[in-house]
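Before any comments, here is the structure.
Chain identifiers are assigned alphabetically (A, B, ...) following the order of the sequence lines, protein sequences preceding nucleic acid strands; residue numbering begins at 1 within each chain.
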Amino acid sequence: MRLSAYFLPLLKESPADAQIVSHQLMLRAGMVRQLSAGIYSWLPLGHAVLRRVEQIVREEMERAGCQEILMPSVQPAELWQESGRYEAYGKEMLRFLDRHERPMLLGPTHEEVVTDIFRRCIRSYRDLPQNLYQIQWKFRDEIRPRFGVMRGREFLMKDNYSFDLDFEGAKRSYDNMFQAYLRTFKRMGLTAIPMRADSGAIGGDMSHEFQILAPTGESEVFFDAAFEEIDFFADDLDIERLKELYAATDEQHDPSACPVPAERLRHGRGIEVGHIFYFGTKYSKALGATVTGPDGDDVIVEMGSYGIGVSRLVGALIEANHDDKGIIWPESVAPFRVGLINLRASDETCTAMTSDLDAKLRRAGVSTLYDDRNESPGVKFATMELIGLPYQVIVGPRGVKAGVVEVKDRRTGETVEMSPDAMLDRFAR
RNA sequence: CGGGGUGUAGCUCAGCCUGGUAGAGCGCCAGCUUUGGGAGCUGGAAGUCGCGUGUUCGAAUCACGCCGCCCCGACCA
């Protein structure tokens, strides 16, 4: 992609509205624009990251055996009256009437809809377990949206729902998700700490929230150093042991009663990006989601639900990965892998060589943003640092003369000179 | 919803107290120069001063009402 043709409205100064660093950087880097309080448009650069995050989530859901569906964002109030949550939910739920004056709502979550699908389609215990997921926009009319995309009213969420015949099955489903979540966040270069959580309005009695570590996180967390050493990708991962490991927010943490020896106790700040619940038969009972069991009796199915804040993760990733110059994308979620800089667009040799490299990178399947603008070197460097692509390939008059390009690592700032062929080799898959 | 703040050009902000034909920097457009860390010169475009009502000869400025946005708190992925 050529930068001269890319829709990338950069800002030199931070808009006054943006308070936290991820919000400032997302606006400055042209990733999002606010339409209304807590409601954002995603521009090409932000959208590219959102899609990459979404794709990692999707792949890990598929690996865990879940199947993707897509449920409506507009739902009839009737269904929520059936579960009893229409009254319980409060003003966070945006309600309105359709043209026939039927009460409708914008879905803040989808337990009712998915349970309705299940009860209409599944009859036998032989069809269990099931685990359905979607990646869909939710709307919660927060009293006070803030922190940009981290706490919007409209947000993209991955939510999935498990259906099992009995508690043992439900627990297997829960543990399966537990590991899937650890893998998902790890793939994004994040350290996720699972913490025992109170089950909120959604109900249930087995629940963990997943906090990722970022210096600017909302709450302080304390945890066993073991979390940093565990291989979350291992097939024989001991979930029970993981659940026993110490992890607590600062309100829960009592230094005098902490079971972890001081040298193994880590602490940092956390941002909640995921939450998993087991809630038994709460919705299946209310909505009549039953299957015929092995002995011919109706059995109310056991359910769990599992959420990941996909759009929030984009903000959280920036909170965890930035410096004073801008964003530093982990490779797994970067909107482009390489930023190709032509330092002197007025020099024909430089331009010919850079354009040639752009074509070759493209042919090699390396996602590249090519800064072909006729701007000064300072502007181009500043742009690349701001938007945070993992690697910069710099072509300048000096290097062209010597037959080399520079490859710069955004995170470390290290620059290595190499021949164009070596560079292509370095990035080709 | 309670408390606080704010609204003037795309962005950051001055002007408001003390009423008199709307400003700066950055960005944008044109031209020339420049080119290894957010360039220089010249010229130019760009604002219903959030909206409404009122006071006044005259309102960005004063009064009243409304709206948006932001911050703190209670709530949340």
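- Using C1' as the reference atom, U21(B) and G68(B) are 29 Å apart when rounded to the nearest Å.
- Distance CD (Gln24(A)) to P (U12(B)): 11 Å, rounded to an integer number of Å.
- Evaluation of Phe155(A) against the base of A77(B) yields a stacking contact (centre distance < 5.5 Å, interplanar angle < 30°).
- For the pair Met150(A) CE and C75(B) P, the computed distance is 19 Å after rounding to whole Å.
- The phosphate of C70(B) has OP1 or OP2 within less than 4.0 Å of a side-chain N or O from Gln34(A).
- Using atom C1' as the reference point in both G19(B) and C57(B), the two lie 12 Å apart (nearest Å).
- For Ala37(A), the side-chain atoms get nearest to C70(B) when compared with the rest of A77(B), C70(B), C1(B).
- Across the protein-nucleic acid pair, Leu43(A) atom CG and G10(B) atom P stand 17 Å apart, rounded to whole Å.
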Ile212(A) and Thr191(A): CA distance, side-chain angles, deciding distance, side-chain contact (heavy atoms from CB on, under 4.5 Å) verdict: CA-CA 5 Å; Ile212(A) 59 121; Thr191(A) 304; over 6 Å; no
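- A cation-pi arrangement is absent between Arg312(A) and Phe147(A) under the rule of less than 6.0 angstrom and at most 45 degrees off the ring axis.
- Contact of Glu13(A) with G10(B) (side chain to base): no donor-acceptor pair of N or O atoms is detected under 3.5 Å.
- Using atom C1' as the reference point in both U18(B) and A74(B), the two lie 43 Å apart (nearest Å).
- If you take atom P in U56(B) and the same atom in A63(B), they sit 16 Å apart, rounded to whole Å.
- Rounding to the nearest 0.5 Å places NE2 of His253(A) at 4.5 Å from CZ of Phe222(A).
- Distance, Gln19(A) CD to C72(B) P: 7 Å, rounded to whole Å.
- Ranking A77(B), C69(B), U34(B) by closeness to the His275(A) side chain, first place goes to A77(B).
- Look at Arg146(A) and you won't find any side-chain N or O under 4.0 angstrom from OP1 or OP2 of C70(B).
- Side-chain atoms of Asp372(A) and Thr354(A), non-hydrogen and from C-beta on, never get closer than 4.5 Å to each other.
- When each of Val273(A) and Val395(A) is assigned the nucleotide of RNA chain B with its nearest heavy atom, Val395(A) is the one assigned upstream, toward the 5' end.
- With C1' as the reference atom, G15(B) and C62(B) are 16 Å apart, rounded to whole Å.
- Side-chain N/O atoms of Tyr306(A) and His275(A) include no donor and acceptor closer than 3.5 Å.
- Remark: the separation of the C1' atoms in G4(B) and G43(B) is 46 Å, to the nearest Å.
- In this structure, the CD1 atom of Ile143(A) is 13 Å from the P atom of G73(B), given to the nearest Å.
- The side chain of Lys12(A) contributes no N or O atom lying less than 4.0 Å from OP1 or OP2 of G38(B).
- Taking atom C1' in both G7(B) and U48(B), one finds a spacing of 15 Å when rounded to whole Å.
- G27(B) sits 15 Å from A39(B) when the C1' atoms are compared, rounded to a whole Å.
- When each of Leu35(A) and Arg28(A) is assigned the nucleotide of RNA chain B bearing its nearest heavy atom, the one mapping closer to the 5' terminus is Arg28(A).
- The salt bridge (charged side-chain N to carboxylate O under 4.0 Å, His left out) test with Glu385(A) is passed by exactly one of Lys408(A), Lys380(A), Arg411(A): Lys408(A).
- In this model, no side-chain donor or acceptor of Lys408(A) finds a partner on the base of G36(B) within 3.5 Å.
- In this structure, the CG atom of Asp371(A) is 18 Å from the P atom of U35(B), given to the nearest Å.
- Look at CZ on Phe381(A): it is 13 Å from P on A39(B), rounded to the nearest Å.
- Residue Arg344(A) places its side chain closer to U35(B) than to any other of G38(B), A77(B), U35(B).
- In the set G38(B), A77(B), G36(B), G36(B) carries the atom at the smallest distance from any side-chain atom of Ile394(A).
- In this structure, Ser376(A) does not reach the U35(B) phosphate: none of its side-chain N or O atoms is under 4.0 Å from OP1 or OP2.
- Side-chain nitrogen and oxygen atoms of Ser311(A) include none within less than 4.0 Å of the OP1 or OP2 phosphate oxygen of A77(B).
- Put simply, CD on Gln211(A) is 14 Å from P on C76(B), counting in whole angstrom units.
- Residue Arg151(A) places none of its side-chain N or O atoms closer than 4.0 Å to OP1 or OP2 of C76(B).
- Sorted by first and then second residue, the ring-ring contact (aromatic ring centres under 6.0 Å, His included) pairs with a member in residues 386-413 of chain A read Tyr391(A)-Phe427(A); sequence neighbours excluded.
- Listed nucleotides G37(B), G36(B), C75(B) differ in distance to Lys325(A); the shortest reach to its side chain belongs to G37(B).
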